[in-house]
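As structure tokens, the structure follows; a few thoughts come after it.
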Amino acid sequence: MLVAILAHFALAAVLPLVARRYGRAAFVVGALAPAATLVYALARGGEAVSGAPPLETLAWAPVIGLEFTARFDELALLLILLVSGIGAVVLCYYSRYAKPDDHRTAARDSALLVTFAGAMLGLVLADDVISLYLFWELTTVCSFLLVGGDGVAKRLRTSATQALLVTTLGGLAMLLGLILLGTAAGTMRISEILADPPSGGIVTAALLLVLLGALTKSAQVPFHPWLPSAMVAPTPVSAYLHAAAMVKAGVYLVARFSPAFADHPAWWIPIVVCGLWTMLLGGFRALRQYDLKTLLAYGTISQLGFLMVMLGAGTWMSALAAGTLILAHGLFKSALFLTVGIIDKRAGTRDIRELSGLGRQWRGLTTLATFALMSMAGLPPLLGFIGKEVALEALFEGGTVDRLIGVGVAVGSVLTVVYSLRFLRGAFGTKPDMAPSAPVPCGRVMTGMVAVPSLAGLVLALAPSVIEPVETGYADRYGKDPGYHLALWHGITPALMISVGIIAAGVAVHRYAGVQRLGGYVPGPLRAQSWYGRSVEGLESLARGVTGRLQVGSLPVYLGVILTTLVVVPGAGLFSGDIDFGELRLFDNWLQVPLALLVLVAAATSLLARRRLTAVLLAGVVGYGIGAWFVVDGGADLALAQFLVETLTLVVFVFVIRRFPPRFIENKAYVGGRWVKAVIAGVAGTFVAVLAVLYSGYRGGIPEASRQYIERAEDETGATNVVNAIIVDFRAFDTIGEITVLAVAATGVASLILARSRRRNGTVGRPEPTEQDATDDTGTTETPEVRS
Amino acid sequence: MTFLVALPVLLPLLAAALSLVAGRSPRVQRLLGVVVLTAIAAVAATLLLRADSEGPVVLRLGGYGPPFGITLVADRLASLLLLVSALVTLAVLVFSIGQRITDFGRRTASTAFHPMYLVLCAGVSMAYLTGDLFNLFVAFEIMLGASYVLITRRVTAERVRPSMTYVIVSLTSSLLFITMIALVYTATGTVNLAAMPEKIAALPAGVQSSLALFIVIVFGIKAALVPLHFWLPDSYPTAPAPITAVFAALLTKVGVYALIRTQTLVFVHEDSWAVLLGVALVTMIIGALGAIAQNDLNRMLSFLLVSHIGYMLFGLALFTVIGLAGVILYVVHHITVQGALFLVSGLVTRHTGTVSLQAMSGVARAYPLVAVLFAIPAMSLAGIPPFSGFVAKMALLQAGAEVGTAMAIAVTAGAVVTSLLTLYAVTKIWVGAFWGPPTEPLVDDDPNDDVTVGTGSTSSAMVGATGGLVLISVLIAVFAGPLADMSERAANDLLHDEGYRSAVLGEGNG
Amino acid sequence: MTDRPDDPRESVPWTEWDTPRERWLMTEQDAYSWPRSLLLEVIARVLFPTVLVFSVYLLLAGHNNAGGGFSGGLVAALAFVLRYVAGGSAELAMMVRVRPPVVIGSGLAIAVLTALAPVVFGDPVLASGIWKLQLPVLGELKITSNLLLDLGVYLLIIGVVVDLLRTIGAGTEVGGPGVDDEQLEEERG
């Protein structure tokens with residue numbers, strides 16, 4: 001099975017080359033992968049439904065828990081039927097749907113669709129949480145790129161972005177939840193977590209996070225608006241992603257984890273509430289749609305809600321219902337989407353107000369579509385009817401809560417019947433006051449592709465024992481089999497009565513004219529789409545506000561923050577323990593006192609100086625004062641170096657200062673800020689001094705290093721000047737580094753001052769200003785070089 | 001064999017010296033640069049293999065041992081980071097050479113660029129390899145000095161001010177660093193990192209924690225932790241694309257490395273450190289929010305850089321083996337990916353003539369290769385599987401979940417939120433610049449401005465260098481298994497550092 | 001005395017063998033004004049060679065007394081500074097024959113090669129060697145390998161300071177070959 005996943009990706013890598021040569025035939029080539037996978041899965045289906053599903057692992061980075069696992073059990077098989085089966089169908093369909101000369105789109109979409117198919121395959125087979133997340137996000141990225149298309153039209157970009165952000169929000173929440181769950185359970189393997197589910201507060205939070213992922217992916221309220229917007233994608237893409245595969249991922253996730261957590265209130269309550277609400281809202285909104293695709297989108301949302309409710313109910317029967325309905329939904333929804341694609345391509349529009357008379361022209365297609373619609377509405381003899389029967393049976397045979405849910409489900413089913421009729425009449429009906437559309441043949445291959453899922457829904461309903469092992473195998477996780485079998489006819493059961501009632505009510509509502517005015521109306525502020533817009537705007541303004549406040553662009557503020565942090569944080573650390581200053585001496589040699597005063601006074605007055613030269617000279621006095629200090633303390637080499645460097649620095653400063661105005665320019669506006677700066681600087685300096693005094697109290701005599709230097713200098717380096725020995729021998733590496741810094745300084749100065757502007761190739765710029773002075777007055781014959 | 005440890009430092013310095021001497025001959029300079037950087041990569045790989053199999057490779061300079069001589073230590077962490085840095089630096093050098101040849105032809109010499117670039121490499125190598133605190137300071141000085149020159153080269157009037165912000169803040173950090181060394185030497189009597197832990201342990205608790213926090217702040221300025229990060233988004237975008245790439249890829253990571261080394265080797269932490277966790281959370285969120293608020297492509301990438309430093313600090317603050325392994329993986333991934341992103345930004349700017357996202361459009365249609373070269377590192381940065389960012393993020397998230405304290409879980413959740421925000425920012429770039437109707441590039445009106453270079457032309461060297469970095473990031477993901485094993489061993493070494501200490505101190509004196 | 005370097009291929013009569021061949025502080029023909037000070041010029045002429053010799057002394061004596069490569073280099077560099085301050089950038093052009101980056105590069109290269117050389121002999125990097133030579137008149141002479149390192153430092157510092165003179169000194173002169181007035185930013189307080 002892992003090989004199958006890999007084969008998808010390998011094929012997807014090759015497809016752009018195929019498409020460049022052969023155009024839309026690449027889609028057919030791409031269909032090979034899912035088709036082969038379907039055949040392989042069916043061939044090994046027996047193993048899947050047996051008690052010991054095959055398990056494959058491939059280690060990626062086991063130290064951090066990354067591995068690829070594939071566990072082929074009933075639920076996986078069920079979804080593979082959809083993922084690979086519908087995938088192959090859609091790809092073949094797309095080979096006829098795509099424009100023949102648009103190789104670019106063919107390359108992009110074929111590769112992305114096959115990648116997506118591979119990712120979904122990996123998702124449903126994954127047995128460890130991290131692979132699950134990996135393939136989950138991969139499907140999100142593929143969806144983003146598929147919906148966005150070439151990204152030229154603005155609505156493509158906004159829809160793709162919305163889908164990406166909402167599903168990634170869920171995906172990341174799911175990741176966090178899964179990791180927390182895995183950590184609580186002690187293992188990252190899903191099968192092991194389910195076998196022995198953990199409990200605790202952290203598990204509740206984890207489950208809620210995982211649900212967030214499922215709800216966003218399956219477009220449940222309030223995260224549903226991304227799905228109708230994503231209808232801007234080409235119809236085959238919508239048929240695959242937004243009907244059969246990607247949105248099923250959330251349902252799959254719930255289905256996978258429900259057996260272990262179905263009793264957990266944090267699990268089933270949100271699922272049922274959101275699912276029911278979604279079912280009703282989706283059906284309600286579908287009543288107002290004129291665009292066939294959007295109608296189907298809302299219908300999908302509603303159906304997914306229904307699936308969620310059934311999974312949340314958590315009994316054997318409801319699980320059987322959910323499994324059957326997952327399959328049924330995938331089949332009929334993809335058939336309907338593909339039908340809409342044909343209508344769109346051949347009749348030129350998807351708007352039901354503009355279509356008329358298609359039913360008469362395209363009898364075959366209409367028949368197939370009608371099968372699919374009957375399955376959706378829950379009419380016999382289609383698979384959807386069987387599934388709905390099981391669902392009603394499960395809910396109305398249960399406790400009070402189940403019956404309440406059942407009432408909601410029934411209402412939702414009524415809405416489903418209504419919008420199915422709306423679709424049927426709108427797409428294929430002959431409207432009395434409209435001229436029929438011009439006769440155009442609908443493509444045979446495309447219709448053939450519609451036939452596959454549509455007829456499958458019929459065939460499977462007539463022979464349900466084919467899929468029964470898979471379905472009951474999944475349901476067995478919830479408890480014991482009460483002996484129910486999937487069949488079209490169970491006798492006159494309460495469920496059958498309720499089904500009849502639903503259908504009758506649906507037909508009646510459809511006829512009621514007021515449906516057009518009232519149906520699907522949701523007041524503006526309550527619309528979830530506006531919440532999305534407002535959240536995004538809120539995030540942007542939060543980002544601007546925070547950054548605008550913090551990133552002020554002012555160097556004194558930055559330095560002030562650094563110094564304040566320097567004082568506050570280590571200061572807090574210091575006071576967390578006890579401080580002992582030890583004995584303090586005021587001075588060692590009386591000469592240190594006037595020198596200290598000189599240095600402090602010079603430093604202070606250099607801040608107050610008005611003329612630049614004065615400030616520079618006073619800074620020089622500070623340097624010479626330190627040098628004199630070295631003399632007093634007995635460091636002759638240090639004093640020599642200090643005096644020389646200070647002289648050099650003064651010379652350099654004077655050279656630069658002579659080009660500036662003689663006085664500093666005062667800016668009166670910042671006088672107030674000056675005191676803050678002074679305080680911060682003073683406090684920081686004092687703090688450092690305090691630390692120095694404090695730390696020196698802990699020193700016990702001359703450090704080991706100093707003693708070693710003094711002992712070894714003569715023997716090992718041949719020098720009696722220990723300072724020199726340290727510089728050029730013991731720590732010569734530092735010296736090499738420091739002279740490099742000097743070289744860098746000189747080079748940098750030259751680069752700044754001697755830079756010449758140069759015209760770049762390929763641009764129309766200013767004429768080269770300084771090519772004429774080819775020789776510098778420094779006399780060294782330099783060609784005009786850019787010292788930059 | 002141990003002399004190999006000094007080569008990554010001395011070879012580039014020698015090459016820089018020769019580059020200065022040969023300043024009139026661009027061909028010699030270019031050749032020197034490429035040859036030396038390749039040699040460093042080879043040496044780093046050798047050191048890594050040696051360190052992984054036999055333990056840290058220790059070189060006592062001059063034959064003098066601690067506490068008075070300088071030791072260079074190549075353990076797993078240092079060699080791994082050295083290898084990745086060398087590869088990134090090589091790629092960026094090829095990019096710059098390509099850019100220069102495209103813009104100005106083969107014959108023009110730039111006396112300062114190549115020596116300074118090599119000096120920067122030498123400084124970074126020295127920082128990774130040194131086992132001595134004062135030598136670390138010298139390494140920072142070399143590195144920062146070269147970076148001052150590189151960031152102020154060919155600077156225009158309005159870009160001078162932010163680059164001076166960088167220079168002054170870095171000088172302040174150097175000042176604080178040398179002060180810190182003085183304080184450490186006063187308190188402990190040694191500057192050798194391996195010998196410090198026992199001396200530090202003898203100090204009272206208040207002194208220890210104030211010293212540790214002082215060190216965190218000093219390196220935090222360099223690593224751009226919040227609230228010490230403000231200089232980075234202001235100044236990094238003012239440099240041309242390859243310079244920003246090498247700064248973003250290397251300089252901040254040296255700060256992170258110094259933090260890792262000091263907090264694991266010198267100070268002993270038994271549990272996760274709540275203060276550092278809090279700083280990590282704040283850094284992640286504020287950086288990501290800052291990125292979302294930007295319209296300038298390079299500024300956005302700079303804020304993302306700040307935000308992802310938070311991830312590395314998060315892993316460090318947990319002080320567990322998995323956490324540190326995650327940090328190492330994240331550093332390796334981030335060096336490569338952030339460097340690649342800035343190089344791609346340079347390519348995009350050349351094609352569109354602007355750095356403003358609102359003014360760009362349709363790059364994917366016009367230059368699909370650039371779009372792919374952007375998409376892969378961008379997805380990696382946002383942590384989308386199966387790229388390197390995902391691998392590193394998984395390690396960090398699992399480490400956070402395992403520690404299990406309230407603070408750790410909060411920061412783990414913050415890391416997840418930051419992923420989403422990063423994705424938002426990256427999507428903004430993609431949708432704004434790459435999608436949309438193709439537009440004409442803006443005319444390059446200021447030939448002196450090296451940041452927005454709108455010539456439309458890129459050479460194969462530039463694209464090839466960028467592609468090389470992207471390929472390395474993909475390889476990091478593919479070989480995540482061996483890399484993660486090595487990181488785990490390195491993390492073990494860091495937390496249980498008897499191996500390091502005995503290698504450095506063990507063989508007696510001198 | 002001439003103010004232009006003589007063509008070396010021209011033959012010089014013996015009466016003029018002791019005339020200086022190179023220019024030394026002759027400023028009358030300069031195109032721009034450099035403030036002249038008689039005292040400074042005289043002192044520069046007297047001190048320049050002496051200071052250079054003193055710097056070499058510092059370099060060699062550093063091992064046992066105060067001094068060393070840094071101090072020696074700085075003293076030599078300050079001699080060049082003195083000559084520049086006295087004579088201006090024209091003077092600088094005369095005394096600097098080699099491009100300063102070449103000097104800087106050579107100094108650094110010598111230092112690094114000294115560091116790497118012991119590897120060839122199997123010693124650790126930067127290992128020091130002490131050689132004792134017997135010279136006829138001077139007696140025993142002790143030379144250490146780190147004298148070479150010091151020499152590299154010496155050269156580098158001279159190069160650095162002369163480079164600074166060339167750029168900050170001559171490069172920023174008014175009317176000189178460097179930055180124009182208009183390109184300096186006004187300081188905003």
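Note on naming: letters A, B, ... go to the chains in the order of the sequence lines (proteins, then strands), and numbering restarts at 1 for each one.
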If I measure from the heavy atoms of chain A, does [X] come under 4.5 Å with its side chain, its backbone, both, or neither?
X: B/Ile384; result: side chain
X: B/Leu150; result: neither
X: B/Tyr148; result: neither
X: B/Leu176; result: side chain
X: B/Met180; result: neither
X: B/Ile286; result: side chain
X: B/Leu483; result: neither
X: B/Leu183; result: both
X: B/Ile322; result: side chain
X: B/Leu10; result: side chain
X: B/Val9; result: side chain
X: B/Leu13; result: side chain
X: B/Arg489; result: neither
X: B/Val391; result: both

Heavy-atom pair of closest approach, residues [X] and [Y]:
X: A/Ile130; Y: A/Gly65; value: CD1-O, 3.6 Å
X: B/Leu213; Y: A/Gly573; value: CD1-CA, 3.9 Å
X: B/Arg299; Y: B/Pro233; value: NH1-O, 3.4 Å

Would you indicate whether the side-chain heavy atoms of [Y] and [X] approach each other to under 4.5 Å?
X: A/Met188; Y: A/Leu178; result: no
X: A/Leu574; Y: B/Phe214; result: no
X: B/Ile409; Y: A/Leu180; result: yes
X: B/Asn135; Y: B/Leu72; result: yes
X: A/Tyr558; Y: B/Ile168; result: no
X: A/Asp729; Y: B/Tyr64; result: yes
X: A/Leu555; Y: B/Val169; result: yes
X: A/Asp150; Y: A/Arg104; result: no

Over 12 foreign heavy atoms within 6.0 Å of CZ, B/Phe479: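 Open.
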Below 4.5 Å from any heavy atom of chain B, which atoms of [X] appear? Answer side chain, backbone, both or neither.
X: A/Thr168; value: both
X: A/Leu66; value: side chain
X: A/Ile726; value: neither
X: A/Ala160; value: side chain
X: A/Ala692; value: both
X: A/Phe144; value: both

Side chains of B/Ser419 and B/Lys393, donor plus acceptor under 3.5 Å: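 The criterion, which ignores hydrogens and geometry beyond distance, is satisfied for B/Lys393 and B/Ser419.
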Against chain B, work out which of [options] has the most heavy-atom pairs shorter than 4.5 Å and name it.
options: A/Thr565, A/Leu563, A/Val546; value: A/Thr565
options: A/Leu559, A/Leu156, A/Leu138; value: A/Leu559
options: A/Arg707, A/Glu67, A/Glu738, A/Lys154; value: A/Glu738
options: A/Val552, A/Thr547, A/Leu691; value: A/Thr547
options: A/Pro62, A/Ala59, A/Gly148; value: A/Gly148

Using a cut-off of under 4.5 Å on heavy-atom pairs, state which of [options] scores highest against chain A.
options: B/Thr190, B/Leu423, B/Thr172; answer: B/Leu423
options: B/Ala399, B/Pro437, B/Ser361; answer: B/Pro437
options: B/Ala122, B/Ala413, B/Ala187; answer: B/Ala187
options: B/Gly290, B/Ala382, B/Ala205; answer: B/Gly290
options: B/Val218, B/Asp132, B/Val226; answer: B/Asp132
options: B/Thr165, B/Val207, B/Val119, B/Asp485; answer: B/Val207

Test side chain to side chain contact (heavy atoms under 4.5 Å, CB included) applied to B/Lys428 and A/Glu540, step by step: CA-CA 11 Å; B/Lys428 257 179 98 162; A/Glu540 294 262 352; 3.4 Å; yes
B/Trp430 and B/Phe434 aromatic ring geometry - parallel, tilted or perpendicular at 30°/60° bounds: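 Judged by the thresholds at 30° and 60°, the geometry between B/Phe434 and B/Trp430 is parallel.
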Mutual orientation of the aromatic rings belonging to A/Phe68 and A/Phe135 [parallel < 30°, tilted 30-60°, perpendicular > 60°]: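 Tilted.
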A/Arg731 side, atom CZ; B/Leu61 side, atom CG - distance, nearest 0.5 Å: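 A/Arg731 CZ to B/Leu61 CG: 9.5 Å, rounded to 0.5 Å.
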Side chain to side chain contact (heavy atoms under 4.5 Å, CB included) assessment of B/Ile142 paired with A/Val744: CA-CA 8 Å; B/Ile142 297 179; A/Val744 165; 5.8 Å; no
